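So the structure is just underneath, and the comments pick up after that.
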Amino acid sequence: MKKEYFYYLLIILAFVIMATFNACKPEPELDNSTTGSVKVTTSSVSNITETSAKCGGTVTASGYSVGSCGLCYSELPNPTVSSYITSDQVGTGTFTSVMSGLEPGTKYYVRAYATTSSGTLYGEQKEFTTLGDNNDDDNDDDNGGGNGDDDEEATKPTVTTNSVSNITFESATCGGNVTDDGGANVTARGVCWSTSQNPTISDNKTTDGSSTGSFTSQLSNLSENTKYYVRAYATNEKGTSYGEQKEFTTLIYEQEPSGYINGYAYVDLGLPSGLKWATYNVGASSTESYGDYYAWGETEIKSEYTEDNSLTYGLEISELEAQGYIDADGNLTPSHDAATANWGGSWRMPTKAELEELDDKCTWTWTTQNGVKGCKVTGSNGNSIFFPAAGYRNGSSLNETGGNGYCWTSTSYVSSYSYYLDGVCYLVFTSDIQFVNCDEYRFFGFSVRPVSE
């Protein structure tokens with residue numbers, strides 16, 4: 001009986017020892033990079049700037065369906081898909097991601113991830129620090145003047161960004177509010193802006209004081225009709241913080257007329273000839289409006305523009321002069337000039353030489369003005385006019401609007417080839433080039449831009 005009791009005690013003791021050993025033995029670390037035949041690896045971090053960095057990863061799988069994959073990153077170790085993430089592809093393979101909107105001078109942790117039917121898997125963790133203003137001072141004063149505990153308590157300031165107001169074609173008003181100095185003196189505050197997102201103090205910036213509280217900033221030297229991004233910033237000994245990003249688009253520069261002739265506005269472009277150019281086409285009601293289309297030598301608009309209904313197509317120069325369409329210099333007479341007939345006063349169509357002066361003496365810039373594509377023509381005095389890309393009419397169709405523009409001159413020309421008809425000259429402009437062309441197609445419907453001495 002005693003022997004059996006002894007064996008019973010030995011068995012109980014063995015179980016106790018085994019249980020104690022298993023309780024004290026550490027559990028094996030889970031390999032989060034593999035589940036079955038799925039594996040995720042994280043690439044090295046590169047292209048590190050103040051606000052962005054490039055990374056990526058590789059996902060391989062066999063027998064499993066892989067959903068989205070990308071990067072997750074955070075200022076804390078072991079980031080997950082609950083942190084900041086990128087979503088770069090569905091399925092397996094190698095991918096590259098750009099992490100944007102980062103804070104300058106800040107340490108980040110990043111891991112590649114992939115989602116499967118079994119859950120989310122992560123690659124190995126990488127870490128990096130963005131470039132920029134990180135002024136943490138970890139040095140103690142050897143003479144006892146410094147306090148390392150005080151430095152550890154301080155943080156970057158807290159700042160918010162105001163709405164943008166007073167927007168013009170070259171300026172705007174913004175500002176912000178430093179609501180917390182972070183336990184250290186604010187040494188600079190203002191706004192920074194750029195045509196790229198998440199601007200920093202390395203971009204354009206204002207400096208508007210050095211304390212907490214609200215401030216107002218003036219943004220200047222902006223480009224017209226351009227989208228900008230702006231953030232307030234505040235700096236203390238711990239670094240620079242940024243408020244939320246705002247965006248705005250500057251207005252289009254509206255040229256003030258130099259004067260009026262017979263009720264129609266003109267602009268002086270500072271040309272050697274002193275010629276005054278109208279601000280819009282005949283038949284238009286604004287600078288961007290296409291206006292009406294006229295066949296050469298005709299003063300009324302038509303529903304169709306063809307060779308058969310043209311009043312001048314096929315007539316030789318001698319015939320045009322004999323019938324009173326042109327004068328001895330080869331230019332349209334007032335009664336056949338669409339500008340004179342419709343606007344009156346001293347308004348007329350430009351000659352070939354006058355359009356060539358506009359081409360040679362002004363700067364032509366392809367642009368979009370109030371949603372209309374065309375060319376902004378700027379003179380040496382800084383004044384400008386706008387030619388909308390109104391296209392042309394042929395038959396009953398309107399062609400090439402938004403891509404090309406055509407404007408008549410009043411000048412005819414004699415063809416040097418017997419197999420070509422005598423023709424007329426007109427302006428052609430595109431996004432790439434502008435020039436004065438001469439050919440026989442005077443039955444087309446083109447725009448008319450008046451001029452006056």
Side-chain angles (χ1 to χ4, degrees), residues 47-53 75 98-108 129-137 151 154-256 365 367-369 376 378 382 384:
N47 294 7
I48 302 171
T49 70
E50 288 184 325
T51 59
S52 64
E75 296 180 32
V98 175
M99 298 171 283
S100 59
L102 308 180
E103 290 293 329
T106 303
K107 187 174 183 178
Y108 285 91
T129 301
T130 52
L131 304 180
D133 189 6
N134 188 354
N135 295 324
D136 292 349
D137 185 3
D151 284 344
T155 61
K156 294 180 182 180
T158 302
V159 60
T160 61
T161 308
N162 293 345
S163 298
V164 185
S165 60
N166 300 331
I167 302 169
T168 73
F169 69 94
E170 62 179 356
S171 64
T173 301
C174 191
N177 185 16
V178 182
T179 58
D180 190 339
D181 63 9
N185 291 333
V186 174
T187 56
R189 67 183 188 181
V191 297
C192 49
W193 70 92
S194 173
T195 55
S196 299
Q197 295 200 43
N198 301 312
T200 70
I201 55 176
S202 297
D203 298 306
N204 298 296
K205 71 177 189 294
T206 67
T207 301
D208 303 292
S210 56
S211 64
T212 58
S214 299
F215 60 91
T216 301
S217 306
Q218 298 297 327
L219 288 64
S220 58
N221 297 320
L222 307 179
S223 298
E224 67 170 307
N225 195 30
T226 302
K227 188 173 185 178
Y228 285 95
Y229 301 91
V230 60
R231 296 195 294 179
Y233 75 89
T235 302
N236 67 8
E237 65 181 28
K238 286 297 182 179
T240 300
S241 296
Y242 298 92
E244 62 274 31
Q245 178 175 275
K246 307 288 187 178
E247 61 183 60
F248 67 98
T249 300
T250 51
L251 303 181
I252 295 171
Y253 174 69
E254 294 289 345
Q255 175 67 56
E256 291 293 330
T365 306
T367 187
T368 300
Q369 186 161 304
K376 179 181 179 181
T378 307
S384 62

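Source: prediction; values computed, not measured. Below, each value reflects all heavy atoms present in this structure, side chains not excepted, and no hydrogens, waters or symmetry copies.
N225 contributes atom CG, which lies 7.5 Å from atom OG1 of T249 (distance to the nearest 0.5 angstrom). The CD atom of Q245 sits 5.0 Å away from the CD atom of Q197 when rounded to the nearest 0.5 Å. Taking OG1 of T235 as the reference point, atom CD1 of I201 lies at 5.0 Å (rounded to 0.5 Å). Remark: N198 CG to L102 CG distance equals 8.5 Å, nearest 0.5 Å. Interatomic distance, L222 CG to L251 CG, rounded to the nearest 0.5 Å: 10.5 Å. For the atom pair NZ of K376 and CD of Q255, the computed distance is 8.5 Å after rounding to the nearest 0.5 Å.
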Pair up each side-chain donor or acceptor in residues 189-196 with any protein partner under 3.5 Å, not counting sequence neighbours, and list the distances.
from: R189; atom 1: NE; to: D208; atom 2: O; distance (Å): 2.6
from: R189; atom 1: NH1; to: S211; atom 2: O; distance (Å): 2.9
from: R189; atom 1: NH1; to: T212; atom 2: O; distance (Å): 3.2
from: R189; atom 1: NH1; to: G213; atom 2: O; distance (Å): 3.4
from: S194; atom 1: OG; to: S196; atom 2: N; distance (Å): 3.0

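Within the 4.5 Å cutoff, no side-chain heavy atoms of V164 are placed close to those of E247. Side-chain contact between E50 and T240 is absent, with no heavy-atom pair separated by less than 4.5 Å. Side-chain contact between F248 and L219 is present, with heavy atoms from C-beta onward closer than 4.5 Å. Looking only at side-chain heavy atoms (C-beta outward), K238 and T155 stay at 4.5 Å or farther from each other. By the 4.5 Å heavy-atom criterion applied to side chains, E75 and Y108 are counted as neighbours.
Although no hydrogens or angles enter the test, the distance criterion places a donor-acceptor pair under 3.5 Å between the side chain of T130 and the main chain of G105. Of the possible polar contacts, none joining the S210 side chain to the A188 backbone as a donor-acceptor pair under 3.5 Å is found. Here the side chain of T250 pairs a donor or acceptor atom with the backbone of S223 at under 3.5 angstrom. Judged purely by atom type and a 3.5 angstrom limit, S241 has no side-chain atom pairing as donor or acceptor with the backbone of T158. Under the 3.5 Å distance criterion, the side-chain polar atoms of N162 are left unmatched by any main-chain donor or acceptor of T216. Distance alone, capped at 3.5 Å, places no donor-acceptor pair between the T161 side chain and the R231 backbone.
S52 approaches S100 most closely through the heavy-atom pair CB-CA, 4.2 Å. The heavy-atom pair separating A184 from E237 by the smallest distance is CB-CG, 3.7 Å. When all heavy atoms of V186 and D181 are compared, the closest pair comes out as CG2-CB, 3.7 Å. Closest non-hydrogen pair, N236 versus G182, comes out as ND2-CA, 4.2 Å.
Atom CD of E256 is surrounded by 12 or fewer heavy atoms from other residues, nucleotides or ligands within 6.0 Å. Crowding of D180 atom CG: a count of heavy atoms from other residues, nucleotides or ligands under 6.0 Å exceeding 12. Surrounding NZ of K205 are at most 12 heavy atoms belonging to other residues, nucleotides or ligands under 6.0 Å away.
Y233 and Y242 have tilted rings, their planes meeting at an angle from 30° to 60° on a 0 to 90° scale.
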